[in-house]
Amino acid sequence: MALSRFWGWFLIHIALFLSLCYAEDPFVFYDFEVTYITASPLGVPQQVIAINNKFPGPTINSTTNNNVVINVRNKLDESLLMHWSGIQQRRSSWQDGVLGTNCPIPPKWNWTYQFQVKDQVGSFFYFPSLHFQRAAGGFGSFIINNRPIIPIPFDTPDGDIVILIGDWYTRNHTALRKALDAGKGLGMPDGVLINGKGPYRYNDTLVPDGIEYETINVHPGKTYRLRVHNVGISTSLNFRIQSHNLLLAESEGSYTVQQNYTSLDIHVGQSYSFLLTTDQNASSDYYIVASARFVNESQWKRVTGVAILRYSNSKGKASGPLPDPPQDDFDKTFSMNQARSIRWNVSASGARPNPQGSFRYGSINVTEVYVLRNKPPETIDGKRRATLSGISFVNPATPIRLADQYKIKGVYKLDFPNKPLTGPPKMETSVINGTYRGFMEVILQNNDTKMHTYHMSGYAFFVVGMDYGEWSENSRGTYNKWDGIARSTTQVYPGAWTAILISLDNVGVWNLRTENLDSWYLGQETYVRVVNPEATNKTELPMPDNALFCGALSKLQKPQDVSSSLATSIIEGRSKLFFTVLMIASTLFLVSR
C-alpha cells in the first residue's frame, strides 16, 4: 500500500518537476534504426537505406529551442554519420554529423545526438553524410515550428505536407561510388522520386506499368503549407502543380516576401515552404511535377517525377500532358531573375519576437573576403578530383574539431587561400581561418559547366548578389544590402557567381561544400574554423560525454557492447533525467512523511 501510494505521489510530482525544469526548453526524443531494405521505386528492385523500416525516413517535428535527442543505431555494413542540414547547432559543431567534426558510427554501433534547435524556425532535412549514402536514401524532413508566443506571418494553414523530391539511380550507392572512384561520371539519372516513389503513369512510353506513385489528398477551399526539399544527388528540379499557384512563404528558416509562382526551380539541398490554396473545381486530379533543369530536357524526359494532388471531391484521374516547365531555352536569365526575386520578409518575426530585418546586415563592415572558384573535375595524382580554388579537400583520419580539443598537430592546415591558386591543383586538408565575430564575404564562382549549390553548416548566410561572368570588386555595386534572403544553401549558375555574407558568431568547425553529391564526394569542400580566443563554455559547449574517437585518438575509444547498445543508448538519453528526478522525488516523499 505504501509503495503504491509512493508511485502515485511520485508520478504527480515528476510531472510538476519536469514542467518547471523544462517549461522553456522541452526535450523531444527519436530513435533511428538505420538499415537496408529492398524497394523498387522505379520498378527495379534495389537496396535502399531506410530509417525504422521507412523510406524516406520519419519527420522530426520540433519547436524553437527544443532539445532534440536522436539515438541512431547503425545496422548498415559500413560506417555512418547523420547530418542535420540547415540546423545551426549553435555552440555545438560536435553534433553536426560530418567528418570534420565527428568520428563515424561503426557498423552495429549506436550513437546519440543531442542538440538544441536554438533560435530557429522553418523547414530542413537530414541525411547520411558518408560514403555516397544519400544516393540510397536515409533522408527525411526536419521541421522546427514557431513557439506559440511568436506569430507566423500568414494564417495558420489547414494542413502541413512534406514533399521530398530528388533525382534517383537504380544502381546501388556502392556502384555509383565505384564509378566515381574509377574516374567516371554518373551519367543521366534513371528518374525522379517524390516522397520515395516513382512517377504516376502520365505517359505509357516513359513510365512502365506498376510503379507506385505518391498521392497527396486535400480538401477544397483550404490552404496547406507544402514543405518541399530537393534531397537528390546533382539535378536541379522545377517544381509545379497543375492549375495551381505556389505562394512562397519560407526558405530554410527565413520567412520570405510572399509572392506567387507558377513554378520554382529548387536546386540540390534547398528547401522551401509554399502556401497552396485548393481553389480549383476538381474536375479531375492534378499533376504534381518535379522535372530536370539546366540539362538537355528533350533527352532527360525520363528524369521527371510526377505525383497526384487529389481533392476529396475529385471527379476523375489526371490525364493529358504535364504542365509545361519554364520555356527559357534561349533566356538564361529567367531562372536567375526568379532566384533574385526571393527576398527576406524584414517585418516578420522569425524565431524571436523582433523582426527579421532588425539585423541590418548591409551596414556591417566586412572583415574578410574569400573567392572560392570551382572547375570541372581534374586529375590530381592520377585521380579524378573536384576542387575549390584549386584545392581538393582530403578528410583527415582525426576530425578537425577533435584534433583541436586534444591539441594534435599536423591534422590539417589553416591556410585555405583567399583567392584561387594559380598553380596546379593539389589535394590538401586545408581549412579557412574564420575570425570569431567577424563578418565574412564569400564569392562562389562557378566555372564548371553545370549548376552547383553550396551549403554552409552552422549558419544562415545572406545571399546578396548573383550574376553571369566573373565576379569583380565592381560587382559589389549590385548587392542587395537590405532584404537578401538568409538561408544555408544557395545556387550558383554555370559561368556565374553568387555572393554571400556570413556573421561568424557561432564557434566551431563548419563544413562549406557543394551539395552536388558527386563533386562533394570528389573533394569539393572545406571547413571554416571559428574559435573564440577566450576559453568559455558560453560560446561553445563542452565535448559531449559520448564522443567517439578515431584516427590518432583511436586508443581512447572504448569498445561498445553491440548486443545491448540500443538499450544502453536509451538509458543514456533518458534515464539520467529519470533517475535524477526519482532521487529528488524519493527524498521529498520521505521528508513529507
ask   = Would I233 and V268 satisfy side-chain contact (heavy atoms from CB on, under 4.5 Å), going step by step from the backbone distance to the final call?
value = CA-CA 7 Å; I233 298 165; V268 178; over 6 Å; no

[X] [atom1] to [Y] [atom2] distance, which is reported to the nearest 0.5 Å:
X    : Y    : atom1 : atom2 : answer
F115 : D96  : CZ    : CG    : 9.5 Å
K75  : I49  : NZ    : CD1   : 14.5 Å
Q133 : H83  : CD    : NE2   : 14.0 Å
R134 : L176 : CZ    : CG    : 12.5 Å
Q270 : L237 : CD    : CG    : 11.0 Å
F32  : I51  : CZ    : CD1   : 5.0 Å

Is any side-chain heavy atom of [X] closer than 4.5 Å to a side-chain heavy atom of [Y]?
X    : Y    : result
T112 : I70  : no
E441 : Y370 : no
P128 : L81  : no
W497 : R373 : no
P107 : L76  : no
R90  : D119 : no
E378 : T387 : yes
F124 : I144 : yes

Output yes when a side-chain donor or acceptor of [X] lies under 3.5 Å from a complementary backbone atom of [Y], and no otherwise.
X    : Y    : result
Y493 : S335 : yes
D467 : S475 : no
R293 : I266 : no
T514 : N516 : yes
Y36  : V48  : no
Q524 : S392 : no
N66  : V68  : no
N532 : Y436 : no
Y113 : M82  : yes
D31  : V72  : no

Taking all non-hydrogen atoms of both residues, which atom of [X] and which atom of [Y] are closest, and how far apart?
X    : Y    : answer
N65  : Q116 : O-NE2, 3.0 Å
S129 : V98  : OG-CA, 4.0 Å
T429 : V411 : CG2-O, 3.7 Å
K375 : D448 : O-OD2, 4.0 Å
R513 : S85  : NH2-OG, 4.2 Å
P41  : G196 : CB-O, 3.5 Å

ask   = Of T235, D518, N374, which meets side chain to side chain donor-acceptor pair (under 3.5 Å) against K450?
value = D518

S123: which of S271, S273, S251 passes side chain to side chain donor-acceptor pair (under 3.5 Å) = S273

State yes or no: are the ring centers of [X] and [Y] separated by less than 6.0 Å?
X    : Y    : value
F462 : F359 : yes
Y272 : F239 : no
W344 : F461 : no
Y521 : F132 : yes

message = Do the side chains of D404 and R529 get close enough for a salt bridge, i.e. N-O under 4.0 angstrom?
response = yes

query = Does R343 come within less than 4.0 Å of D483, counting only side-chain N to carboxylate O?
reply = yes

request  = Would you check, one step at a time, whether the test salt bridge (charged side-chain N to carboxylate O under 4.0 Å, His left out) holds for E540 with R91?
outcome  = CA-CA 4 Å; E540 186 178 28; R91 303 191 299 143; over 6 Å; no

Verify whether one side chain among [X] and [Y] offers a donor that lies under 3.5 Å from an acceptor in the other.
X    : Y    : result
D190 : T170 : yes
E525 : N511 : yes
T498 : T490 : no
H267 : T453 : no
E470 : N447 : yes
H229 : S141 : no

Measure the acute angle between the ring planes of [X] and [Y], then classify it against the limits of 30° and 60° as parallel, tilted or perpendicular.
X    : Y    : result
F142 : W84  : perpendicular
F549 : Y406 : perpendicular
F139 : W168 : perpendicular
Y459 : W510 : perpendicular

key: Residues C103, L402; criterion side-chain contact (heavy atoms from CB on, under 4.5 Å); working and verdict   = CA-CA 9 Å; C103 292; L402 204 59; 3.8 Å; yes

ask   = Within 45 degrees of the axis of the six-membered ring of Y361 and under 6.0 Å from its centre: does K481 put its NZ or CZ there?
value = no

ask   = Going by the salt bridge (charged side-chain N to carboxylate O under 4.0 Å, His left out) test, which pairs reach into residues 380-398, not counting sequence neighbours?
value = none

